[in-house]
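What you are looking at is a predicted structure, and each value in this text was computed from that prediction instead of being measured.
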Amino acid sequence: VWITYDPARTAPATVQALAARRVTDAEDLLMSPYPGLDGVISLQAWERRLVLDTPDDPRFEQFIRALAGNAATAPEAATERLAAARRAAR
C-alpha cells in the first residue's frame with residue numbers, strides 16, 4: 001500500500017504520527033509526500049484508491065488490512081483471474 005499525503009495540507013505532526021505508528025517497518029507499506037494531491041491523504045494498492053481528509057478515518061486501517069500483503073489482490077492474482085476468464089469464454 002502506497003500512502004501519499006499533500007505536504008501543504010497535512011500537518012507535520014500528522015506525518016510524524018503516521019510514520020511512527022502506522023507506516024513502521026512493514027515491507028508492504030510505503031509513504032511519501034505528493035504535492036498537489038487531490039486530497040489530504042491517499043492510499044493506493046493494486047488499482048484501488050482511497051482519498052481521505054484524515055488518517056483517523058476508520059477506512060484508513062480497513063484499507064491497509066484488506067490490501068497490504070494480500071496475495072489475492074496482487075498483480076499476479078489479477079493476471080490469473082483474467083487468464084481464467086479468457087479460458088472460460090472460449
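- Scored by the side chain to side chain contact (heavy atoms under 4.5 Å, CB included) test, Phe63 finds Val1, Leu43, Ala45, Arg48, Leu50, Leu67 as partners (sequence neighbours excluded).
- Leu37 is connected to Trp2 through a chain of hydrophobic side-chain contacts under 4.5 Å among Ile, Leu, Val, Met, Phe, Trp and Tyr, so both are in one cluster.
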Show your working on side-chain contact (heavy atoms from CB on, under 4.5 Å) between Ile41 and Ile3 and close with a plain yes or no.
CA-CA 7 Å; Ile41 295 173; Ile3 302 164; 4.2 Å; yes
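- With sequence neighbours excluded, the residues forming a side chain to side chain donor-acceptor pair (under 3.5 Å) with Arg49 are Asp38, Ser42, Gln44, listed by chain and number.
- The minimum heavy-atom distance linking Ala68 with Asp28 is given by the pair C-OD2, 3.3 Å.
- At a threshold of 4.5 Å between side-chain heavy atoms, the hydrophobic network of Ile, Leu, Val, Met, Phe, Trp and Tyr places Tyr34 and Leu30 in one connected group.
- Legend: side chain to side chain donor-acceptor pair (under 3.5 Å) pairs involving residues 10-19, not counting sequence neighbours: none detected.
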